[in-house]
Amino acid sequence: MKKIIFISFALVLSFIGVAQEKINEGVLTFKQSMSSDNEQINAQLQMMGETTATTYFKGDKSRNESSTPMTGDMVIIMDGSKKQMLMLMDMGMGKKYTLQSTDPKE
């Protein structure tokens, strides 16, 4: 029993010693689905499908790729230093893009 407690304590300390102070780059992936207790709403939500998204970030730049069966694919590229956002959409009605400023003054 003492060995298990000692090993657990050593593992916790090793994780604390290796942890990063600040994350500068990385990848975040998630899937989202919705459900309800109501069968009628549940059928509608299942038609919408599952949303998947992946975000890549490094420094003050990021790229978010999301896909939904109902709305299509969307890519959002943000540049924090230039304070701009490029949005690329591939929807059922065709491909579109938007370039916007993220500066609150504008």
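- Evaluation of the side chain to side chain contact (heavy atoms under 4.5 Å, CB included) rule for T54 yields V27, T29, Y56 as partners, not counting sequence neighbours.
- The CG atom of N64 sits 12.0 Å away from the CZ atom of F57 when rounded to the nearest 0.5 Å.
- For residues 27-47, there are no salt bridge (charged side-chain N to carboxylate O under 4.0 Å, His left out) pairs, not counting sequence neighbours.
- By the criterion of side-chain heavy atoms lying less than 4.5 angstrom apart, applied directly or through intervening Ile, Leu, Val, Met, Phe, Trp or Tyr residues, V75 is grouped together with L86 in one hydrophobic cluster.
- Within the structure, salt bridge (charged side-chain N to carboxylate O under 4.0 Å, His left out) pairs that include any residue of residues 63-75 comprise R63-E65 (at least two apart or interchain).
- Remark: L28 engages T55 in a side chain to side chain contact (heavy atoms under 4.5 Å, CB included) (not counting sequence neighbours).
- The shortest heavy-atom contact between S36 and I41 is CB-CG2, 3.8 Å.
- Y97 is not connected to M74 by any chain of hydrophobic side-chain contacts under 4.5 Å among Ile, Leu, Val, Met, Phe, Trp and Tyr, and they are in different clusters.
- In this structure, CD in Q32 is found 9.0 Å from CD in E50, a value given to the nearest 0.5 Å.
- Exactly one of T98, T102, L99 qualifies for a side-chain contact (heavy atoms from CB on, under 4.5 Å) with M85. That residue is T102.
- Residues forming a side chain to side chain contact (heavy atoms under 4.5 Å, CB included) with Q40 (at least two apart in sequence, or on another chain): N38.
- Pairs passing the salt bridge (charged side-chain N to carboxylate O under 4.0 Å, His left out) check and including a residue from residues 51-62, sequence neighbours excluded, read K61-D79.
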